[in-house]
2 protein chains.
Amino acid sequence: MLVNFNEQAEEMIRHTGGRITSCRVLVLGILLAEKKAISHHEIEERIGDDQPLDRVTLYRILEWLSKKGLAHKVISDDRKWRFRTNIYTGSHQHAHFKCSRCTTVICLSDIKTEYCWPLPPGYRSQEVELTVKGLCAACA
Amino acid sequence: MLVNFNEQAEEMIRHTGGRITSCRVLVLGILLAEKKAISHHEIEERIGDDQPLDRVTLYRILEWLSKKGLAHKVISDDRKWRFRTNIYTGSHQHAHFKCSRCTTVICLSDIKTEYCWPLPPGYRSQEVELTVKGLCAACA
DNA sequence: TAAAAATATGCAACAAAGTTGCATTAATGT
DNA sequence: ACATTAATGCAACTTTGTTGCATATTTTTA
């Protein structure tokens with residue numbers, strides 16, 4: 001299973017024309033095995049002590065994967081970048097509500113965001129991030 | 001004009017039952033004079049050297065204003081918190097498109113987000129943040 | 001396939017944004 | 001006006017991410 005992700009990772013990296021290194025394969029393999037976006041620290045945890053990888057190298061690999069379009073990064077409320085492979089993009093297609101007073105976030109499962117939003121010609125939608133902000137029942 | 005904002009700020013702070021201090025009035029006044037969300041650093045710049053205000057105090061005031069519901073904070077792609085008074089909420093009601101490869105952001109003025117999204121009972125919408133992510137014409 | 005060129009990695013030091021502890025100062029209630 | 005309570009300022013710290021440079025690994029090419 002993990003081997004499979006690593007093969008896929010290697011293939012994806014090869015396709016970019018960039019160098020295939022064990023570190024890159026390892027990191028991209030971890031991202032492929034994950035459906036949600038994960039942070040630098042979470043990736044380090046998944047690596048464990050088996051194959052030690054320098055903090056800075058991991059940062060640079062993540063940056064490189066983003067630049068090559070194999071992953072993309074999103075900023076979260078904890079000021080950390082989280083990374084996800086672009087192939088799972090579109091898997092979290094529902095809206096959120098965030099209370100601007102108590103900051104609680106809930107999922108608005110009634111709202112489907114797969115709707116085709118009108119984009120300029122040539123643009124391709126992968127994912128829609130929709131957050132309604134306001135006051136929740138307790139804070140209103 | 002600025003005086004007016006300060007009076008309004010003072011009134012808002014009084015209404016929370018919290019202490020009315022010159023620092024709080026100053027900061028909230030600045031936020032009221034601003035239509036968009038601004039960062040800690042940008043607030044410091046607007047303060048200038050007239051009324052020196054400690055870095056940490058400013059952080060704590062902003063946190064306090066958020067807790068009291070007079071302002072709310074949003075995280076941006078530069079990993080900085082930006083703060084805005086809740087009264088201007090709703091002023092930036094259109095969608096964005098962000099390219100997941102080149103990270104360029106454009107405004108999708110065709111999409112109006114004022115639409116009434118179905119919320120749970122008691123919830124009140126103030127603002128809608130809608131970002132379509134994908135590939136722009138140049139990267140697709 | 002061995003050497004040269006190009007690029008990735010690891011280490012140390014650094015930077016920016018935000019946080020915590022504590023003594024001092026200012027605002028409010030009596 | 002004084003006591004009480006809360007806000008401010010300062011110093012030191014934490015966390016996340018970045019930069020410079022020497023070393024090691026890929027890839028190219030001869």
Side-chain angles (χ1 to χ4, degrees), chain A residues 6 9-30 37-68 70-83 103, chain B residues 6 9-30 37-68 70-83 103:
Chain A
N6 282 358
E10 194 173 322
E11 183 49 38
M12 288 169 74
I13 293 168
R14 187 188 324 279
H15 190 254
T16 69
R19 288 197 178 168
I20 299 157
T21 70
S22 55
C23 298
R24 283 179 182 169
V25 173
L26 174 66
V27 173
L28 184 52
I30 288 171
I38 54 175
S39 67
H40 178 275
H41 182 68
E42 288 166 320
I43 294 169
E44 273 189 323
E45 280 177 351
R46 278 157 186 69
I47 292 176
D49 302 330
D50 328 329
Q51 181 165 352
L53 178 54
D54 184 71
R55 245 168 52 79
V56 176
T57 304
L58 179 48
Y59 276 117
R60 289 203 261 235
I61 287 172
L62 291 169
E63 197 188 317
W64 185 87
L65 290 173
S66 304
K67 205 178 62 191
K68 292 298 181 180
L70 300 185
H72 78 278
K73 57 179 183 177
V74 289
I75 191 75
S76 356
D77 268 2
D78 57 4
R79 297 190 348 114
K80 287 179 197 159
W81 288 107
R82 274 158 214 280
F83 298 81
T103 72
Chain B
N6 282 359
E10 193 173 323
E11 182 50 39
M12 287 170 74
I13 294 168
R14 190 189 322 279
H15 190 255
T16 68
R19 287 196 181 170
I20 299 155
T21 70
S22 55
C23 298
R24 283 179 182 168
V25 173
L26 174 67
V27 174
L28 184 52
I30 288 170
I38 54 175
S39 68
H40 179 275
H41 183 67
E42 289 166 320
I43 295 169
E44 272 188 324
E45 280 177 351
R46 278 157 187 68
I47 292 177
D49 302 330
D50 327 328
Q51 183 167 350
L53 178 54
D54 185 71
R55 248 167 51 79
V56 177
T57 304
L58 179 50
Y59 275 118
R60 289 202 261 237
I61 286 173
L62 291 169
E63 196 188 318
W64 185 86
L65 291 172
S66 304
K67 206 178 62 191
K68 292 297 181 181
L70 299 185
H72 79 277
K73 56 180 184 177
V74 288
I75 191 77
S76 354
D77 268 3
D78 58 3
R79 297 192 347 113
K80 287 179 198 158
W81 288 106
R82 274 157 215 280
F83 298 82
T103 73

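Labels below follow one simple rule: chain letters A, B, ... track the order of the sequence lines, proteins then strands, and each chain is numbered from 1.
- Between the CD1 atom of A:Ile61 and the P atom of D:dG17 there is a distance of 15 Å, rounded to whole Å.
- In this structure, the CD atom of B:Glu10 is 11 Å from the P atom of C:dA27, given to the nearest Å.
- Scored by the salt bridge (Lys or Arg N to Asp or Glu O under 4.0 Å) test, A:Glu11 finds A:Arg14 as partners (sequence neighbours excluded).
- One atom, CG of A:Leu62, and another, C1' of D:dT16, lie 13 Å apart when rounded to the nearest Å.
- A heavy-atom distance below 4.5 Å is not found between the side chains of B:Val27 and B:Trp64.
- No donor-acceptor distance shorter than 3.5 angstrom exists from the side chain of A:His40 to the backbone of A:Lys80, with no hydrogens or angles considered.
- Here CD1 of B:Ile13 is found 6.5 Å from CG of B:Leu65. Values are rounded to the nearest 0.5 Å.
- When side chains are defined from C-beta on, A:Leu26 does not count as touching A:Ile61, because their heavy atoms never get closer than 4.5 Å.
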Its contact letters, B for base, S for sugar-phosphate only and - for none at protein heavy atoms under 4.0 Å, make nucleotides 15-25 of chain C read --SBBBB----
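- With values rounded to the nearest 0.5 angstrom, A:Arg82 atom CZ is found 4.0 Å from A:Ser76 atom OG.
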Reading 5' to 3' through nucleotides 22-30 of chain D, protein heavy-atom contacts under 4.0 Å coded B for base, S for sugar-phosphate only, - for none:
----BS---
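- Atom pair B:Arg24:CZ and C:dA27:P shows a separation of 11 Å (rounding to whole Å applied).
- Rounded to whole angstrom, the span from the NZ atom of B:Lys67 across to the C1' atom of D:dA6 amounts to 11 Å.
- Inter-residue side-chain proximity for A:Ile75 and B:Arg79 is flagged as met; some heavy-atom pair is nearer than 4.5 Å.
- Under the 4.5 Å side-chain criterion, counting only non-hydrogen atoms from C-beta, A:Ile38 is not in contact with A:Phe83.
- The distance from atom CH2 of A:Trp64 to atom P of C:dA6 is 19 Å, rounded to the nearest whole Å.
- Atom P of nucleotide D:dT15 and atom CG of A:Leu58 are separated by 18 Å, given to the nearest angstrom.
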